[in-house]
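Shown next, in C-alpha cells, is the structure this report addresses.
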Amino acid sequence: MTIVDLRSDTVTQPSPAMRRVMAEAEVGDDVFSEDPSVRELEAATAELLGKPRALFVPSGTMGNQLALLTQTRPGNQVVVGHGAHIACYEAGAGAAWAGVQFAVAGQRGCFDADEFEQVLTPQSAHAPKSVLVCLENTHNHSGGRIFPERDVLAISAVARKHGLRLHLDGARLWHASAATGIEAANLAAPFDSVSVCFSKGLGAPVGSALAGDDALIREAWRFRKMLGGGMRQAGVLAAGALFALRHQRDTLVYDHEKAKSVAAILRDGGLTVVEPDTNIVMIQLTAPAHTLVEACGEQGVLFFAMGSHLARLVLHRDVSSSEAIRAAHVVVRCQRELSRPKS
Ligand SMILES: Cc1ncc(COP(=O)(O)O)c(C=O)c1O
C-alpha cells in the first residue's frame, strides 16, 4: 500500500540535490562563530526578513523561546492568539525557562486590535506587566490562516502605544508570503523579532532562525548556548536550509493549490471544511476525529486529529497532486462508511 503522509509538512525528505550540497558544505566550529555555511544562511535569512541579523537554531521552538528569553522577565505577561504554538505546543517552555504567563486574545487564532487591547493588563503593582505580543503567521491551529495585514498593523500600533514589543512566530511565514505575494521582509517589518523554520514546507531536514537587531541577537546567542543549542560543524545543516530557502520557496504555491483541490473534494463529498488560505486543510466533524483518522490510516492516508472533532491534513512537496486527490477521495469514502447506519 502506498502511504500518503499528510500529518505535517515536516515529514519531507531532503532531495538528492539538497543532500549533495549538505555533504559538500564548507564547515567550521559554529560555537567559535567559524562556520561559513552558517554565516551565509544567517545573512541570507536576515536579508530576506529585512532585519540586521539572524541566528541559526535547531528548531522553531528554540527560536520562539529565545524571543521570550530576550524580551521578557519572569512574571511578565505575553499576549498570544488562541492555540498559539508558543503557548500551547512547546511543552510549557515559556513558563519553565522565561517564567512568563500567557494571556489569550480572541478565540480565532488570529485576532484584532480590540481583542488585543482587551487583555492588556493595567499598569499597577498588582497586575503582571504585559511586555510582548506574539503573532503567528500563518496560524497553524486555525488551519494555516494568513494573519490579516491590516490587523497586524493595527495591533502593532496599539502595542507601541502601550510600550510592548512584538514577536512573530513565522514558522510558515514563507507560506504567507507565497500566498499573498507580499515580501517576507514586509510581513516581518512591524516585529522586533521573527522566528522562521526551514524544515516546514521548505523541505530542509533541520533548522530554524531567529531574526532581529544586533542587541537582540547577541542576547539570543547567549541564551542559545545556555539551552544547549550551540552546534559545532552546523554548516552541514545550514547548507540544506540555505538550499531550501533559495530553491524550494517558490514551489510552496503548488502546496496551496493541492490544499484547495483537497478541500474542494472533501466539501463535494459532504464534509465540513475550512477553506484553506495556504497548505493546511481542517475538517470539522460531528463524530470524534480519531475514528476518521484511524479508518483513513488503515487505507494508507495519514493525518492527525487536532481536537476532539477537528482533523488536520497538511500538504507538502513530497505529496504529488494526484496523491493528494487520491487521499481526499479516501477520506470521503471512509467518512461515508463511518456515517452509514449500522444494521
Ligand atoms: C507555528 C509553529 N511555530 C513553531 C513550531 C515549532 O517548530 P519545531 O517543531 O521546529 O520546534 C511549529 C511546529 O510545528 C509551528 O507549527
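Quick caveat: nothing in here was measured; it's all calculated off a predicted structure. One-based numbering, in listed order, for ligands and for the atoms of each.
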Side chains of residues 326-340: which donor-acceptor pairs under 3.5 Å do they make with residues two or more places apart or in other chains?
residue, atom, partner, partner atom, Å
Glu337, OE2, Arg340, NH1, 3.1
Ser339, OG, Gln335, O, 2.6

Study note, to complete from the structure: Heavy-atom contacts under 4.0 Å to ligand 1, chain-then-number order, include exactly Ser59, Gly60, Thr61, Asn64, His85, Glu90, Glu136, Asn140, Asp169, Ala171, Arg172, Lys200
Review point. Centre of Phe32's six-membered ring, under 6.0 Å away, within 45 degrees of the axis: is that where NZ or CZ of Arg232 sits?
Key: yes
Check your understanding: Thr10: what forms a side chain to side chain contact (heavy atoms under 4.5 Å, CB included) with it, not counting sequence neighbours?
Key -> Ser8, Lys200
Check your understanding: Could you go step by step and tell me if Lys260 and Glu275 meet the side-chain contact (heavy atoms from CB on, under 4.5 Å) rule?
Key -> CA-CA 7 Å; Lys260 287 203 188 323; Glu275 180 57 24; 4.0 Å; yes
Let me have the donor-acceptor pairs involving side chains of residues 133-140, under 3.5 Å, with sequence neighbours excluded, atom names and distances please.
residue, atom, partner, partner atom, Å
Glu136, OE1, His85, N, 2.7
Glu136, OE2, Asn140, N, 3.0
Asn137, OD1, Phe147, N, 2.9
His139, ND1, Ser142, N, 3.2
His139, ND1, Ser142, OG, 2.9
His139, NE2, His82, O, 3.2
Asn140, OD1, Arg312, NH1, 2.8

Check your understanding: Would you find a donor on one side and an acceptor on the other, under 3.5 Å apart, between the side chain of Arg224 and the backbone of Phe56?
Key -> yes
